[in-house]
Amino acid sequence: MYKLNWKQVLIFLVILFGGFLRFFKLSEYPIQLNHDEVSQLYDTASIMQTGKDIYGNFLPLAFFSTGDYKVGHYIYINTFSYLLFGNKEFTIRVPAAFFGTLTILAVFLFVNVLTKNWIIAIFSAFLVSITPSEIFYSRKSFENVIGVCLVFFGLFSLINNFLNQKSKIWGFIGIFLLSLAMYIYTTHTIIVPLILFLSAFSCRKQLYMHKKYAFSLFCTWIIFITPLIMTTLINSDLRYRATSVFVSQDSNLGRLISLNGNSFKSYLDFVFLKFLNQINPVYLFINGLDLTNQSIIGIGPLLFIQLPLVILGIIFLIRNKLFSSQGVFLLGLIIISFIPSAITFEDYSPHRAMFAFTNLSIISAFGLYSLILFIKKIINKKIKWLILLVIFSALFLNFVYFIRIYIGSYAFEKSEKMQYPFKKISLYAWSQYNNFNSIILDPKFGKITPIIGVGMHYYLAYYGNVSPVSFQKLYKTGNKPREILFDKFSIREVYWPEDRNLTNTLVIVSPWSVPLSDVSENLIIEKFYFYDGTLAFYAIKL
Amino acid sequence: MKIHKELITILLIVSALVVRIIPINFPVFSADDARIAARGEMLVHSGTDELGRKFPLIFNSLEDYQLPLTSYMTALGILIFGKTDLGARVPFIIFGTVLVFLSYKVTKNFFKDGKIPFFALIITAFSPALIYFSKFPNEFIIFACLLLLLINFLMAEKLNRIIIPLIIICIFLTTKIFWIAIIPLTFLILHINTSLQRKDKIYLILFTVILSVAIILVFIKIPQGPRSLVENNFSSINDMTVKNGIERLRSQTLPGWPVVLDKILFNKMYTLIASFSNWLQLLQLSTLFAQLDKNGQFGFLGVGAFPKITIIPFVLGIFYLIREKKNKIKYLPILVIILTFPLLFLFPNIKVEYLLVAIPIIGIIISLGFINLSPKITGLILSFAIFEVVANLFFINSNIRNTENFRPLWINQLITDGYKLSLNNNIAYSDNFTEDLIPHIQWLTPASIKLLPLDLSYPYKYRQTELTNIKMVGESNTFYVCDDRSFKFIFATKRELERLGNKATLVKVYRNDLGKEFVTLNKIDLCIN
């Protein structure tokens, strides 16, 4: 019988711990499915039951969804989860949580094969298991998590082949996994070719020695990605998705061009600035995940305690000649992985830079390792243990701080970002189904400024247990701006001077569309609140 | 060979001077710059400042007290070159150019290699931030220059007991934000310089400590001195955002979550992280290499403190610093930390101008990055760097448009028109179309200030509202019909036009630097109180 050694037990425990952090109360935190999640979940059900999305498109590559042409891979991957767990809320979060957990193993294998240092590998796996961005994105249905996992497994396979002289099959597996990652998320479509170039540069000697084999790998890669290139060229929806988030959509760039009167200079200045902004330590280690509204008090994609560890890690990698080539490779990976954020339109897009965060966690593992090496040199045992206690207490407290922010403040301060309380509204609307001839829902809502909740029809369909077959038949667009109709429901902007005259109608509206003072109190039959208790919507009986 | 080297040095310094001079009228003066320039002119001609005080040591501005050296240096320029753009800017151009030479000298103290000081010379000569700050009246370029001078003298083999104290006194009279940095700086340099005698070191440390304490004590004796320090140099002490944030997060209780843990996690200690974040924000790579000041008040549009391409030698320079354990060089990062640590206390204000003192030292780190680069690549990087700086000089108009609020060029015409009208009439200006118009009027026209009796000898945050026949109109002023001494013209924004209604007759429209109609000249016949 095969016996696990203590090292294997340790990595197993780290993965188990990481898995616990990703799966524990998966349907409760975040507090509600956001519009992306509910649309993906309902589209999964639709695909499984009819082979079509809710708009009747047969096995689409890009789902129209809430108007944003979601790349469909997550939905197709989610079909496995759907088969296993059924049509439950947490079903949609399972693939990301699963691949997020698997990333811990992938990182361990990658670092182990890259450095041949088991301790750095286990530190990397451990830090990845507790890093805020890893946990945050693994607990929502986010395809980038899958992409990151595949890239690390792919790199592990490639390095295993080239540096460890393992079987050539590893090389082909690596190319396959990296190509697959390119299909999963547009970020990886951009960074994987660059990663391959960097890997080829790092292993140029080995590649030169095995030119034919290297060429065959290259050809295999081209074969794997040809369908992707073809579909991107042919499918206008996929192209729309890519161009709609490109940096050219950024209003700040537009202003710069109008000031300069020169597009080339403006693009150069702007993209370079955006790129360097991604390395802003305040964003990375203090508040970049945007989980609170308290400006500087927040949490970054990485723990604050990882900042000194990253600095130590960089110093260690530069000073230690044993790891210098690995250091250059890792730093190269970080630089590459920030490129997608630099060429897209948001100021900061942590969801596009996940691969960079994982690599920064690996660098911080080097820092932790160098710190341990330093502490080992201290002769006085008490001081040694005291320092270790301080380091791990700080790490623990920082982690607990993240958990507190994530399960508490994030819900209180950012519930509108999760379209809270759309679920409650949907359930309420269905509970009143038999009492009214028509039910109008106005998706305009918000705490400080009004926003339009784009996925209301998905919430209604999912929480009303409407079968996708029926929904595809019932779904219509109305004559009013952005109006969606199905069954008794009308999702549209409420125009109170006109709509107040309707009869036997339930109107669910936010104070942004109809101020409370405009409605007689006895007409209000229910109120819906954001998680922090601020009024979000109320129901008017007409 | 020596002549060749000296010739190159001179050529580079001349190039530094040229890029600091051309174009001479750029950047357009902000209200603060104009105030210093106008004050310089008053000091030359009447020996008084804008409040009528005879050769004072403390001046006033909208934001804070101002220390004297900058104003007197400006006065010196105006004394020599007259009341012109050149006169007001020339002292700073000279300081900026001398700084380039000093960075060469300081680098030589740190690094004996013949090439590195040259690279430092080129990097500082063509640093967009140093160029920009050399072109208008400000305390930061003087401070940076004096600081390099001090470091240079402190690193000499013999202590100069006259010059060094003089430089330290001048530093103390330049800007107060760095008062707290002088003692650790002196300590560090004296620690680096092993050739000085122990008694010299003690003498100098004692001098610096005593002077620091004395100056701070004198300053806090000024009625609003402590307030000035707390509001402008230690704003993190007074900041409420962290305190409120903590209270807010604590109030979001979770069932089953220990309250004690919340107290450990959310407490006032977070102010330290907030302050640290402020420091990190200023020292981040994007500020250094991509955009120094997004508002454009203190830097070229789309340009950092250094040209973009120099990020390559900067990274290599950091690598070099980490790898090499040579005695003096390892202190460069510590020097940067000492020079920038006062920024820790500025939270939540991010003031890029205070970063300027560290720029020459970071320039030395960049120059270290060239050590392991081939001459071809070095040449290529330096060529790109110089090209970027020169190319940006062709985009001056973009900068003017970007800073139409802080550095308004468009107001010159309406100030000239207003002055002509004011020779025979009472005229008024809305006070909300630029930060502070009075200093601009004083600088651009011969209009003289209307001195009002002062309640305090050192009023804090002082705004003047009247010149002879010219009055600024704020929200609190009212218009009324009167027989005598009425105002005949008003340069009005939308705010005043709405208040005036049909009592104003449009004469002329003025557009701002973005081409937007912003201010109108109107004929009126009203009094203002």
Side-chain angles (χ1 to χ4, degrees), chain A residues 252 255-262 265-266 268-287 292-298 304 307 314-321 324 327-328 331 335 397-398 400-405 407-413 531-532, chain B residues 239 241-242 244-249 251-254 257 261-262 264-266 270-271 273-281 283-291 294 296 300-304 308 311 315 318-323 325 347-348 388 391-392 394-395 397-402 514:
Chain A
N252 293 321
R255 181 178 176 270
L256 197 59
I257 293 173
S258 78
L259 284 172
N260 279 327
N262 182 312
K265 181 182 174 350
S266 307
L268 183 72
D269 289 347
F270 192 73
V271 171
F272 190 70
L273 172 66
K274 278 203 73 179
F275 179 79
L276 292 187
N277 274 341
Q278 309 305 313
I279 315 169
N280 179 355
V282 177
Y283 156 70
L284 289 175
F285 300 98
I286 295 179
N287 63 2
T292 72
N293 294 326
Q294 305 308 320
S295 139
I296 204 69
I297 309 175
F304 182 66
L307 171 59
I314 291 171
I315 293 173
F316 179 76
L317 284 167
I318 293 170
R319 276 201 178 153
N320 197 318
K321 283 179 184 161
S324 58
V328 170
L331 292 176
I335 291 169
L397 270 181
N398 203 175
V400 173
Y401 170 80
F402 158 63
I403 294 295
R404 171 66 174 82
I405 294 271
I407 63 172
S409 310
Y410 178 48
F412 276 97
E413 308 220 335
Y531 197 80
D532 67 349
Chain B
D239 178 65
T241 49
V242 171
N244 290 342
I246 287 164
E247 292 299 326
R248 174 104 183 155
L249 295 186
S251 70
Q252 296 158 355
T253 49
L254 292 171
W257 186 271
L261 199 52
D262 266 9
I264 296 170
L265 297 174
F266 306 124
Y270 206 92
T271 309
I273 295 177
S275 300
F276 181 59
S277 76
N278 219 43
W279 183 76
L280 285 175
Q281 285 277 28
L283 272 178
Q284 63 165 315
L285 290 177
S286 69
T287 314
L288 294 177
F289 298 99
Q291 180 69 75
K294 65 179 175 184
F300 293 97
L301 180 65
V303 184
K308 293 178 181 61
I311 195 169
V315 173
I318 297 282
F319 274 47
Y320 186 85
L321 278 173
I322 293 171
R323 276 208 181 124
K325 292 167 187 171
F347 179 81
E388 187 186 344
N392 269 289
F394 288 96
F395 286 92
N397 281 336
S398 336
N399 287 278
I400 292 171
R401 284 198 291 271
N402 185 39
L514 289 170

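Just so we're on the same page: letters track the sequence lines, and every chain starts at 1.
In this structure, chain A has heavy atoms under 4.5 Å from both the backbone and the side chain of B:Leu301. At a 4.5 Å heavy-atom cutoff, the contact between B:Ile311 and chain A is made by side-chain atoms alone. Heavy atoms closer than 4.5 Å to chain B are found in the side chain of A:Asp532, but not in its backbone. In this structure, no portion of A:Asn320 lies under 4.5 Å from any heavy atom of chain B. Neither the backbone nor the side chain of A:Tyr283 comes within contact range of chain B, judged by heavy atoms closer than 4.5 Å. Looking at A:Ile257, neither its backbone nor its side chain comes within 4.5 Å of chain B, counting heavy atoms on both sides. Looking at B:Asn278, there are no atoms closer than 4.5 Å to chain A (heavy atoms on both sides), in backbone or side chain. Residue A:Ser258 touches chain B through its backbone alone, counting heavy-atom pairs closer than 4.5 Å. Heavy atoms of A:Ser409 lying under 4.5 Å from chain B belong to its backbone as well as its side chain. For B:Thr253, the part lying under 4.5 angstrom from a heavy atom of chain A is the backbone only. Proximity to chain B (any heavy atom under 4.5 Å) is restricted, for A:Ile405, to the side chain, taken from C-beta onward. Using a 4.5 Å cut-off between heavy atoms, A:Lys274 does not touch chain B at all.
A:Phe272 has its ring centre no less than 6.0 Å from the ring centre of B:Phe289.
A:Asn293 and B:Arg248 are not linked by any side-chain donor-acceptor pair at a separation below 3.5 angstrom, with hydrogens and angles left out of the test.
For the atom pair CZ (B:Phe319) and CZ (A:Arg319), the distance works out to 13.0 Å, reported to the nearest 0.5 Å. Annotation: the span from B:Arg323 atom CZ to A:Ile318 atom CD1 amounts to 7.0 Å, rounded to 0.5 Å. The distance from atom CG of B:Leu285 to atom CZ of A:Phe275, rounded to the nearest 0.5 Å, is 9.5 Å.
In terms of the ring-ring contact (aromatic ring centres under 6.0 Å, His included) criterion, residue partners of A:Phe316 (sequence neighbours excluded) are, by chain and number, A:Phe323, A:Tyr369.
The shortest non-hydrogen separation linking A:Ile296 to B:Phe347 is CG2-CZ, 3.9 Å.
Ranked by heavy-atom pairs shorter than 4.5 Å toward chain A, the options B:Leu280, B:Asn244, B:Thr241 are led by B:Leu280.
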